[in-house]
Engineer: 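Here's a structure for you.
Chain letters run A, B, ... following the sequence lines, proteins first and then strands; every chain starts at 1. This one's a predicted model, so the numbers in the text were calculated from it and none came from an experiment.
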Amino acid sequence: MPIKNHIKQSLIIAFWFMILTFPIMVIKVNAIQQTIDFRWANFLWVGIFTFFASMIWNYFLRRNEEQKKTDIADDIPLVHRLLQNDRFRRPFLGLLAAFFIAYPFVFPMYHTSIMISALVYVMLGLGLNIVVGLAGLLDLGYVAFYAVGAYAYALLNLHFGLSFWVVLPMSALLGTLFGVLLGYPVLRLRGDYLAIVTLGFGEIIRIVLENWDDFSNGPRGISDIPAPTFFGHHFGQHDAMIYMYFIVIALVLMTIFFVNRLENSKIGRAWIALRDDEIACQAMGIDKFKTKLTAFALGATWAAMGGVVFAAKTSFINPMSFTIWESITILCVVVIGGMGSAIGVIAGALVLILLPEYLRAVAEYRMLVFGALQVIVMVFKPDGLIKSVRKVYTFNVQEKAIHEQTHT
Amino acid sequence: MNKPILNVKNLTMNFGGLKALDDVTIRLEKGQIAALIGPNGAGKTTFFNCITGIYEPTTGEVLITPPGKNTQSLRRLKPNYVTERGIARTFQNIRLFHGMTVLENVLIGRHCRLSSGIIKAMLQPPSQKNEEKQAVFDSYEILEKIGLAKYVNDMAVNLPYGAQRRLEIARALATDPFLLLLDEPAAGMNPQETKELDDLILWLRDNEDVSILLIEHDMKLVMSLSDWIHVVDYGKKIAEGTAADIKANPEVIKAYLGEESEDA
Amino acid sequence: MRWINIGLGLAVTGIIGFFVVRELLIDPLYFFELFLGGLTRGSIYALIALGYTMVYGIIQLINFAHGEIYMIGAMTALIVASVLGLWGWNTAVIAILAVVFAIVYSCAYGFTVEKIAYKPLRNSPRLSALISAIGMSLFLQNYVMLAQTPDYLPFKSLIPDFHFWEPYAHIITSVELTIIITTVIVMILLGILIKFTRIGKAMRSLPVMWDRSTFSSDFWQGSKPLSQRFWVVSALSRAQCWDRWYWVFPKAILPDISTVNMKMYLPFPSWY
Ligand SMILES: Nc1ncnc2c1ncn2[C@@H]1O[C@H](COP(=O)(O)OP(=O)(O)OP(=O)(O)O)[C@@H](O)[C@H]1O
Ligand SMILES: [Mg+2]
């Protein structure tokens with residue numbers, strides 16, 4: 001199609017949007033002073049903006065289409081190529097490590113604090129990635145387990161004076177337990193029905209926390225939750241933040257370590273098989289229900305640990321921190337990052353949590369931009385920012401011969 | 001005489017008012033290649049689904065006698081347990097795991113023969129590592145046998161059509177079955193691929209110690225392969241016998257003529 | 001297992017039924033007032049839910065932007081009504097025009113949203129479309145909040161108190177009556193649309209084809225006759241549109257719409 005047609009098409013689209021946004025963008029009624037304000041400048045801006053947006057949008061859509069035709073979905077994301085290449089792997093990981101170690105010392109406390117939040121989301125994202133990305137179970141009540149962890153720490157500390165380090169493993173177990181308890185009745189459902197029911201369960205937990213005053217202190221929440229100590233040593237505010245930062249880094253590393261191992265093990269493969277085709281999966285001898293339940297419970301484990309960290313970091317929690325939107329944010333982290341791809345989820349969490357913070361420059365427009373970006377990323381990269389790449393096995397003929405010798 | 005390894009007695013399957021299977025009785029001897037044929041919609045796939053536990057038959061019984069073991073019933077067994085007992089199947093509409101590589105697809109087949117649980121997967125003690133290594137090698141070996149070794153690390157969906165069908169067989173074989181159920185393994189294959197499939201099935205019977213029951217519309221393949229043929233039509237079994245018997249059976253001819261006149 | 005389920009169901013129904021009947025016996029008039037109030041609210045929600053299911057049934061997507069389009073319909077009605085009100089038009093004309101504009105505009109928004117955020121994702125993982133819908137919802141919320149206001153807005157009722165209804169007005173107001181009647185009419189019309197028209201048939205046939213196993217990309221690439229494809233495509237976008245008009249209608253004439261609306265949008269994540 002020649003460029004003239006593109007321009008014509010974009011002009012039509014621009015015109016459509018000018019009409020479409022007319023009542024809301026242009027007219028503004030002041031009910032008290034009884035005046036109508038026609039903002040004609042907006043009318044023009046919408047036209048100009050949508051014209052160029054449409055040109056760019058269509059250009060990229062066409063390019064995407066052409067790319068799909070030429071190469072058969074075999075493109076490996078850049079990060080994976082870097083990590084696979086021995087020459088680049090070391091320096092790449094080294095730089096990354098250096099950056100994260102230096103981070104809290106270089107940047108002011110405010111940035112460290114944001115980074116801790118983002119890293120907590122990395123943990124949550126990796127946990128939910130097991131459930132949604134690998135096992136393909138759409139769980140919209142993930143925040144329930146996050147709340148369980150946070151309240152476990154807050155309450156156990158309040159009533160029994162248990163410390164962060166004691167509660168962390170306890171809450172992991174508690175998360176698993178809740179995962180099994182909630183998963184047991186709901187995992188018989190399929191697809192979107194599961195989503196709705198888990199959403200309901202998530203809300204139930206929040207509503208219970210909100211209304212059961214004696215237990216959870218209701219909407220007022222629990223404050224003065226202590227930060228973690230270092231062998232009984234309490235830090236000052238600044239050092240505590242840095243200490244917290246490194247704890248979270250350690251936890252994230254642990255998560256990556258375990259999740260990576262799980263992903264390429266018997267159970268991890270079973271999750272993916274279940275996601276891809278339930279019937280074939282069962283016909284291959286996999287217990288559908290047990291596999292789903294383990295995914296659900298393991299996801300819950302990490303959510304609960306994330307909750308403990310969250311409570312310790314903010315030192316104040318109330319049920320408002322655990323609304324459905326929290327679940328949706330974590331889901332966005334997983335899907336935008338790249339379902340089933342651990343590196344993708346990490347990138348997704350960092351982008352999704354850090355971006356709105358740094359979008360503060362455009363103040364009130366940030367959520368608008370954020371929503372638009374979500375749509376754009378999904379339209380142009382439906383598999384997420386960094387899509388998952390399966391493990392490559394190498395077979396060496398010699399090695400195989402040796403292997404056969406030892407085993408026969 | 002030995003007990004038949006598969007003994008299906010009076011199997012009936014109702015879908016609402018529709019009798020997809022009506023009192024079907026089939027026996028399969030060890031080492032046999034048997035075929036189940038019939039016009040479209042005759043209930044062949046339904047028969048497989050009833051045996052493998054995907055459907056629960058309305059009435060009837062499925063008994064198996066794995067080599068060296070006692071006879072047991074498959075009544076109300078979930079599909080995964082049926083597979084564990086040693087019956088593996090392929091699907092008419094290819095059902096590979098598209099998010100996985102070829103090797104991983106076969107590894108899934110090994111799943112029920114591996115023992116490491118979650119804790120072991122996270123801590124990876126030597127026992128788990130060895131088991132995993134062994135599974136990978138076993139799977140690779142199966143791929144070599146089936147002739148798919150060159151695709152090991154490709155995504156399953158990117159394989160050519162014929163290779164996808166073979167991969168389904170490889171995956172089923174990985175579960176260590178004594179009985180293999182193949183649902184239209186030659187569908188969509190070209191003559192060359194069909195010929196290779198023919199060889200593969202014979203090779204499997206002779207070298208892998210499996211008996212085979214296959215559904216197939218390609219009569220040439222069926223006649224050349226099968227030791228015994230069962231014919232169903234409208235859910236009822238109308239004939240059984242050797243290839244020569246079936247070719248001469250007037251009822252079979254009628255069933256096929258009535259359905260697909262171009263096959264006459 | 002089956003009997004346990006039936007038993008549980010009966011028990012729950014029985015308990016609820018018991019309390020309902022008790023209330024009825026204690027104060028019948030009050031009971032009916034509450035009942036009708038509930039019916040009014042219920043019919044509005046039923047209409048919204050119908051829109052949801054229609055979109056869900058066809059594109060198998062939990063349409064997170066559904067509520068926003070509903071809000072835009074209400075907002076448009078409000079703006080039109082206020083402007084025309086200030087210009088001193090006749091109330092009846094205002095009511096009709098407000099409804100017409102609300103319908104047209106929410107249709108147009110539904111259509112546009114589908115084109116931008118859902119259609120390009122038709123062959124992608126379903127969750128990607130879900131996230132796109134969430135993004136769209138967030139965008140539309142903030143768009144209206146920025147262009148208009150995040151505050152509550154008063155919406156003067158466009159329905160007069162009918163004269164002939166006065167004797168019964170203490171049980172059910174004219175507004176509520178209008179809502180219930182409109183709902184019924186609109187539901188019947190929708191039923192007719194789905195059952196008997198060509199577009200309705202296309203809509204009904206969609207979910208079957210949309211099934212992942214049977215409905216693949218080659219459907220779009222030409223294995224089906226062109227005319228069928230055309231109907232499916234237009235049904236998709238039109239479903240996005242049609243599903244609005246019948247609920248925008250009662251909503252546009254309801255006095256408290258804007259309050260219901262604004263409550264619906266919680267600020268997105270609480271990370272700030
Ligand atoms: N789950 C089901 N619910 C209702 N009817 C079914 C179901 N599965 C199969 N049927 C019906 O049972 C009959 C037999 O179907 P089946 O798939 O077993 O045929 P088939 O012999 O495998 O045919 P083909 O050669 O086309 O594969 C058909 O009429 C089909 O419509
Ligand atoms: Mg079949």
Side-chain angles (χ1 to χ4, degrees), chain A residues 16-17 19-21 23-29 31 34-36 39 42 57 61 64 117 121 132-133 136 138 191-192 195-196 320-321 323-326 328-329 331-332 334-336 339 353 356-357 360 364-384, chain C residues 56 60-62 64 72 75-83 85-87 101 105 108-109 111-113 115-121 123-149 153-154 156 213 266-272:
Chain A
W16 168 260
F17 273 98
I19 304 292
L20 191 69
T21 55
I24 287 171
M25 286 301 282
V26 178
I27 305 175
K28 172 105 194 185
V29 180
Q34 303 270 305
T35 53
I36 310 168
R39 300 168 293 182
N42 281 352
W57 180 274
L61 263 193
N64 245 16
S117 307
Y121 276 91
V132 178
L138 181 47
D192 295 329
I196 300 297
M320 278 312 285
S321 317
T323 60
I324 164 79
W325 287 107
E326 205 64 25
I328 288 178
T329 311
L331 185 69
C332 288
V334 174
V335 180
I336 291 192
M339 271 194 289
I353 308 304
E357 291 298 336
R360 274 182 204 282
E364 70 257 49
Y365 293 104
R366 71 199 182 105
M367 286 332 255
L368 186 86
V369 175
F370 188 61
L373 280 178
Q374 271 181 315
V375 176
I376 291 169
V377 170
M378 286 294 98
V379 168
F380 293 103
K381 279 197 156 291
D383 291 322
Chain C
Y56 181 81
Q60 298 280 297
L61 165 73
I62 303 176
F64 263 85
I72 282 173
M75 210 67 189
T76 311
L78 172 60
I79 289 169
V80 170
S82 323
V83 169
L86 286 181
W87 286 350
F101 269 93
Y105 265 91
Y109 271 94
F111 178 82
T112 314
V113 165
K115 276 261 187 276
I116 295 177
Y118 304 158
K119 194 176 157 210
L121 286 160
N123 295 321
S124 308
R126 270 183 55 198
L127 273 184
S128 304
L130 186 76
I131 301 299
S132 179
I134 292 172
M136 207 64 209
S137 138
L138 202 58
F139 179 85
L140 289 175
Q141 273 174 31
N142 283 277
Y143 151 68
V144 176
M145 280 202 264
L146 290 169
Q148 293 288 328
T149 168
L153 292 172
K156 222 175 84 217
S213 48
L266 292 161
F268 194 62
S270 47
W271 60 50
Y272 43 90

Engineer: Taking every non-hydrogen pair under 4.5 Å, which of Leu130(C), Ile116(C), Val80(C) racks up the most with chain A?
Structural biologist: Ile116(C)
Engineer: Name the region of Ile19(A), side chain, backbone, both or neither, that has any atom closer than 4.5 Å to a heavy atom of chain C.
Structural biologist: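 Ile19(A) touches chain C through backbone and side-chain heavy atoms alike.
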Engineer: Would the distance check show the side chain of Ser137(C) and the main-chain N or O of Ala133(C) forming a donor-acceptor pair, the cut-off being under 3.5 Å?
Structural biologist: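 No, Ser137(C) side chain to Ala133(C) backbone: no donor-acceptor pair under 3.5 Å.
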Engineer: What part of Leu140(C) is in contact with chain A, defined as an atom under 4.5 angstrom from a non-hydrogen atom: side chain, backbone, both or neither?
Structural biologist: neither
Engineer: Name the member of Ile27(A), Leu20(A), Val369(A), Ile196(A) that forms the most heavy-atom pairs with chain C at distances under 4.5 Å.
Structural biologist: Leu20(A)
Engineer: Using non-hydrogen atoms and a 4.5 Å limit, figure out which bit of Leu86(C) sits close to chain A: side chain, backbone, both or neither.
Structural biologist: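 The side chain, not the backbone.
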Engineer: Between Trp87(C) and Ile36(A), is the side-chain contact (heavy atoms from CB on, under 4.5 Å) condition met? List the steps.
Structural biologist: CA-CA 10 Å; Trp87(C) 286 350; Ile36(A) 310 168; 3.6 Å; yes
Engineer: Suppose we screen for side-chain hydrogen bond (donor to acceptor under 3.5 Å, both in side chains). Which residues come up paired with Ser117(A), at least two apart in sequence or across chains?
Structural biologist: Lys313(A)
Engineer: Is Thr35(A) close to chain C through its backbone or its side chain, or both, or neither, when contacts mean heavy atoms under 4.5 Å?
Structural biologist: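 For Thr35(A), the contact with chain C is made by the backbone alone.
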Engineer: Which region of Leu331(A), side chain (C-beta onward) or backbone (N, CA, C, O), has a non-hydrogen atom less than 4.5 Å from a non-hydrogen atom of chain C, or is it both or neither?
Structural biologist: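 Both the backbone and the side chain of Leu331(A) come within 4.5 Å of chain C.
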Engineer: Return the option, out of Val375(A), Leu138(A), Val335(A), Ile24(A), with the maximum number of heavy-atom pairs under 4.5 Å with chain C.
Structural biologist: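 The answer is Ile24(A).
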Engineer: Name the orientation class of the two ring planes belonging to Phe380(A) and Trp57(A) (parallel below 30°, tilted from 30 to 60°, perpendicular beyond 60°).
Structural biologist: perpendicular
Engineer: Would the distance check show the side chain of Lys28(A) and the main-chain N or O of Gln148(C) forming a donor-acceptor pair, the cut-off being under 3.5 Å?
Structural biologist: yes
Engineer: Is the side chain of Thr76(C) donor-acceptor paired with the backbone N or O of Tyr105(C) at a distance under 3.5 Å, no angle test?
Structural biologist: no
